[in-house]
Every structure is written in C-alpha cells, then in structure tokens.
*Asks:* 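After the structure tokens below, expect a handful of questions from me.
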There are 2 protein chains.
Amino acid sequence: MTRTSEGEQAPEDVLVALADPIRREVLAVLAREGDATSTSLAASLPITRQAVAKHLAVLDRAGLVRAHRAGREVLYEADLQPLRRTTRWMDTLATQWEHHLNAIKDLAEGATGS
Amino acid sequence: MTRTSEGEQAPEDVLVALADPIRREVLAVLAREGDATSTSLAASLPITRQAVAKHLAVLDRAGLVRAHRAGREVLYEADLQPLRRTTRWMDTLATQWEHHLNAIKDLAEGATGS
DNA sequence: CGGATGCGCTACCCAAAGGTTGCACATCCC
DNA sequence: GGGATGTGCAACCTTTGGGTAGCGCATCCG
C-alpha cells in the first residue's frame with residue numbers, strides 16, 4: 001500500500017527525495033509520460049523493479065507521487081505541489097538569511113567607520 | 001585549504017548539501033552570527049570539530065560557503081547565491097513538468113470525450 | 001482451471017555518509 | 001623558546017542508502 005500517509009510532507013523530505021538523481025529522473029519520466037508502474041519505470045531505468053519501488057516510497061513520503069491501484073497493478077502519479085511549496089520555503093529561508101548577513105555587514109562597517 | 005574550486009557548483013550539489021539537517025543548521029548559524037571557524041561552530045553543535053569540517057567541505061563544494069584564512073584560523077562565510085539559483089532551477093523544473101502533466105491530462109480528456 | 005504477469009516483502013550485499021579518535025604541524029603570545 | 005590554541009589529515013567504526021535476488025500471493029486471461 002506504500003503508506004501514502006496524509007499531510008506529513010515536510011520540505012526537508014522533499015529535499016532528501018530530490019537529492020538523488022534517479023528519483024529526479026523518476027519524477028521526470030512520470031511527468032513526461034504520465035502515470036506508470038514500478039515495473040514500467042524499471043524498464044526505462046538502469047535498476048530493478050524493487051529498487052524503483054524503494055525510490056517511489058521515498059517520493060511518496062515527500063508527497064511528490066501518489067499511488068493508485070488499478071486491478072493488479074499500481075499506478076504512480078506525480079504531484080508537483082510539494083515541490084512548489086519547497087521552493088517557496090527555500091526562498092523564504094534565503095531571504096531571512098540574507099537579512100541576517102546584511103545586518104552583520106552593516107554592524108561591521110559601522111565599527112570600522114567609528 | 002578546502003578546495004574552493006571555482007565555478008563548479010551545480011544545483012544538484014546544493015540539493016545534496018541542503019538535504020542534511022546539520023548542514024542547514026551550519027548555514028543558519030553562519031547567517032545569524034556571521035563568519036565562524038569549524039571549532040567555534042562545533043561549540044554550538046552536537047558534533048566534533050572534525051565532523052563540522054567535513055560538512056563545511058560539502059557546503060563549500062556546493063558553493064554555499066567560502067573559506068578565508070586569518071592567521072592560524074580559517075573563517076567560513078555563507079554565500080546564498082547558489083541557494084537562490086537553485087530555487088530558480090527547481091521552479092523552472094516544476095513549471096516544465098507541470099506543462100507535461102497538463103498536456104497529458106488534456107490528451108486523456110480528449111480521448112474520453114471522443 | 002491454470003499459466004502468465006505484476007506486487008509486496010524479506011534477507012542480504014556493498015558502498016558511501018556521518019562521526020570519532022589520534023597525531024602532526026602551524027601559529028599565536030607570554 | 002615554549003606552552004596554548006587551531007587546523008589538516010589519516011585510520012577507523014557504524015549506520016544508512018541504494019541495489020539485488022528470491023519467494024509467496026493476487027490478478028488477469030486463454
């Protein structure tokens with residue numbers, strides 16, 4: 001059933017999921033060619049079906065894919081919302097940190113100037 | 001010397017660097033309190049100086065910090081530019097993928113409708 | 001019904017990541 | 001000069017992550 005736990009996708013999990021090149025490729029394939037099963041994905045990738053399943057589990061934990069059962073196969077669908085949310089989160093962080101850095105730089109210049 | 005190789009920070013490296021909670025914390029401390037050494041950072045963190053140095057090496061590879069030698073100590077400075085560049089990269093990816101997904105959805109609806 | 005196809009799960013393997021200790025070397029400062 | 005402080009580096013340990021193989025079970029379809 002691959003867990004599909006509700007609501008628990010922190011931006012941290014998205015970063016971890018996206019840090020792996022194969023998982024990025026899985027997402028890309030899912031976006032390019034639509035829903036797919038672990039078996040069909042394994043055909044386009046240099047790894048086995050079981051390995052793909054593990055990556056899909058990581059992507060699922062991050063909320064980047066969702067699983068739908070269709071008869072005997074399980075289709076995975078990409079969901080880009082957590083990705084968008086994560087970019088916003090990172091941008092906010094960057095802005096915060098830049099503020100801190102600027103404040104520090106101003107202090108340093110003040111000290112030098114006096 | 002920590003390498004400080006020029007120009008080679010791919011967005012992938014930034015993702016890997018940011019995937020670790022301790023490295024995010026290191027960046028946060030660097031932004032909040034300004035330049036710091038591996039030794040001083042280790043004081044605020046639950047790990048040894050050497051472990052911090054390894055994390056700083058990863059951050060350096062991603063271009064997120066730069067090292068400056070000052071006498072016998074080495075100060076690390078945060079650089080948020082690669083972070084900004086990475087968020088833009090991710091956003092572009094998200095847009096591309098969403099386009100693909102929409103195209104696929106349109107096709108599916110067309111097929112259903114005919 | 002019975003073979004083929006697809007999934008889930010477990011055990012297992014190997015490499016890499018994160019962490020520590022220990023020590024040699026440079027630098028500061030009394 | 002010589003102790004204190006800070007860094008760099010190498011060896012080593014342990015955990016985790018990515019990957020495979022094997023098997024049991026459900027589902028499809030001739």
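Computed from heavy atoms alone, side chains included, the values below leave out hydrogens, waters and symmetry copies. Per chain, numbering begins at 1; letters A, B, ... match sequence-line order.
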*Asks:* Where the side chain of B:Thr48 is defined as all heavy atoms beyond and including C-beta, which of D:dG6, C:dT21, D:dA21 is the nearest nucleotide?
*Replies:* C:dT21

*Asks:* For the side chain of B:Gln50 and the base of C:dG22, is some donor closer than 3.5 Å to an acceptor across the two?
*Replies:* yes

*Asks:* Got a sec: does the CD of A:Gln81 have more than 12 other heavy atoms crowding it under 6.0 Å?
*Replies:* no

*Asks:* Show the nearest heavy-atom pair for residues B:Pro82 and B:Gly63, with the distance to one decimal.
*Replies:* CG-O, 3.2 Å

*Asks:* Could you please name the option among C:dG6, D:dG18, D:dG8 that lies closest to any side-chain atom of A:Arg23?
*Replies:* D:dG18

*Asks:* Looking only at side-chain N and O atoms, does B:Arg49 come under 4.0 Å of OP1 or OP2 in C:dT20?
*Replies:* no

*Asks:* Any Lys/Arg nitrogen of A:Arg61 or A:Asp13 sitting under 4.0 Å from an Asp/Glu carboxylate oxygen of the other?
*Replies:* no

*Asks:* Are B:Glu25 and B:Arg32 close enough for a salt bridge, meaning some N to O gap below 4.0 Å?
*Replies:* yes

*Asks:* Where the side chain of A:Lys54 is concerned, which of C:dA11, C:dC9, D:dT7 is the nearest nucleotide?
*Replies:* C:dA11

*Asks:* Counting N and O atoms only, with roles assigned by atom type, does the side chain of A:Arg23 sit under 3.5 Å from a partner on the main chain of A:Ala17, one being a donor and the other an acceptor?
*Replies:* yes

*Asks:* Taking the side chain of B:Thr37 as heavy atoms from C-beta outward, which of C:dG18, D:dT7, D:dT20 is closest to it?
*Replies:* D:dT7

*Asks:* Considering only nitrogen or oxygen atoms on both sides, find all protein atoms under 3.5 Å from nucleotides 24-30 of chain D and state each distance.
*Replies:*
residue, atom, partner, partner atom, Å
D:dT27, O2, A:Arg72, NH1, 3.1

*Asks:* Which nucleotide sits closest to the side chain of B:Glu73: D:dT7, C:dG19, C:dC7?
*Replies:* D:dT7

*Asks:* D:dG6, OP1 or OP2 - any side-chain N/O from B:Ser38 closer than 4.0 Å?
*Replies:* no

*Asks:* How sharply is the helix from C:dC1-D:dG30 to C:dC30-D:dG1 bent, taking the axes over five pairs at either end and rounding to 10 degrees?
*Replies:* 20°

*Asks:* Would one find more than 12 heavy atoms of other residues, nucleotides or ligands at under 6.0 Å from atom NE2 of A:His68?
*Replies:* yes

*Asks:* Round to the nearest Å and state the distance from A:Ile22 atom CD1 to D:dG18 atom C1'.
*Replies:* 8 Å

*Asks:* Can you get from B:Trp97 to B:Leu15 by hopping between Ile, Leu, Val, Met, Phe, Trp and Tyr side chains that sit under 4.5 Å apart?
*Replies:* yes

*Asks:* Starting at CG of B:Leu56 and ending at C1' of D:dC9, how long is that distance when rounded to a whole Å?
*Replies:* 16 Å

*Asks:* Would you confirm whether A:Arg24, through its side chain, and A:Leu18, through its main-chain N or O, come within 3.5 Å as a donor-acceptor pair?
*Replies:* yes

*Asks:* Is A:His55 close enough to D:dG19 that one of its side-chain N or O atoms is under 4.0 Å from OP1 or OP2 there?
*Replies:* yes

*Asks:* Is the side chain of B:Ser40 donor-acceptor paired with the backbone N or O of B:Ala36 at a distance under 3.5 Å, no angle test?
*Replies:* no

